[in-house]
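Written below as structure tokens is the structure these notes are about.
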Amino acid sequence: MTAWAHSLIRISNYEVETLQKRLAEITARKASAEMRLAVLDAEVEVENERARADAEAGLLLQAYLAGWKAKKGAAEADLVTLDAEEEGARDALTDAYSELKKFEHVAETTRLNALIAAGRRETAAFDEMGLRRRAG
């Protein structure tokens, strides 16, 4: 493999690895945001049950629900943002992986062409030796 091909493949591998780490980090943040939504939903169920059982808690439920809706809206907005970020990271990773595969293909084609050329030179040298023996 030529030095330039090796360098391009190494750089492309680094880019793919970096994008994989970025995607993993985004996926972890997305899982955390989804967990936060699930916790909020569970908390509102607990507060609704408490309001049914306790009149004083029932009076405070509307204020709690207003705060809960704001928190849930923020968590859902974060999730939408993370979905878009994840999609962008996946697209970037796909593009980087395609570039890596192109470089690897070019390097392999270059290597095979070099082998073919060496084989042709060897065949030509043997042909020339055979002609010299016949002539001599």
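All residue numbers refer to positions in the sequence shown, counting from 1. In what follows, every heavy atom counts, from backbone to side chain, and hydrogens, waters and symmetry copies are set aside.
- With respect to Lys72 and Asp41, a salt bridge is recorded, a charged nitrogen being found less than 4.0 Å from a carboxylate O.
- Taking 4.0 Å as the cut-off between side-chain N and carboxylate O, Asp78 and Arg29 do not count as a salt-bridged pair.
- A salt bridge links Lys102 and Glu99; the closest N-O separation between the charged side-chain nitrogens and carboxylate oxygens is under 4.0 Å.
- Atom CD of Glu104 sits about 7.0 Å away from atom OH of Tyr97, to the nearest 0.5 Å.
- Here the straight-line distance linking atom CD1 of Ile116 with atom CZ of Arg120 works out to 6.0 Å at 0.5 Å rounding.
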Determine, stepwise, if the pair Glu49 / Arg52 fulfils side chain to side chain contact (heavy atoms under 4.5 Å, CB included). CA-CA 5 Å; Glu49 286 299 318; Arg52 284 188 200 107; 2.3 Å; yes
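- Proximity of a side-chain donor or acceptor of Thr94 to a complementary backbone N or O of Arg90 within less than 3.5 Å is detected.
- Minimum interatomic distance between Gly58 and Ala51 (heavy atoms only, all atoms of both residues): CA-CB, 3.7 Å.
- Summarising the local packing, NZ of Lys30 is surrounded by more than 12 heavy atoms from other residues, nucleotides or ligands at distances under 6.0 Å.
- Summarising the hydrophobic clusters (Ile, Leu, Val, Met, Phe, Trp, Tyr; side-chain heavy atoms under 4.5 Å, direct or chained), the residues clustered with Trp68 are Leu40, Val44, Leu61, Tyr64, Leu65.
- The hydrophobic clustering, which links ILVMFWY residues whose side-chain heavy atoms are closer than 4.5 Å, places Leu93 and Leu100 together.
- Here NZ of Lys71 is found 12.5 Å from CG of Leu37. Values are rounded to the nearest 0.5 Å.
- Going from atom CG of Leu60 over to atom CZ of Arg50 covers 10.0 Å, rounded to the nearest 0.5 Å.
- Between Ile26 atom CD1 and Glu87 atom CD the span is 11.5 Å, to the nearest 0.5 Å.
- In terms of heavy atoms, Ala75 sits closest to Arg36 at CA-NH2, 3.7 Å.
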Listing, residues 11-22 side-chain donor-acceptor contacts under 3.5 Å, not counting sequence neighbours, or none:
| from | atom 1 | to | atom 2 | distance (Å) |
| --- | --- | --- | --- | --- |
| Ser12 | OG | Leu8 | O | 3.0 |
| Asn13 | ND2 | Ile9 | O | 3.4 |
| Thr18 | OG1 | Tyr14 | O | 2.8 |

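- The CD atom of Glu85 lies 12.0 Å from the CG atom of Leu79; values are rounded to the nearest 0.5 Å.
- Under the side-chain contact (heavy atoms from CB on, under 4.5 Å) criterion, Val106 pairs with Trp4, Thr110, not counting sequence neighbours.
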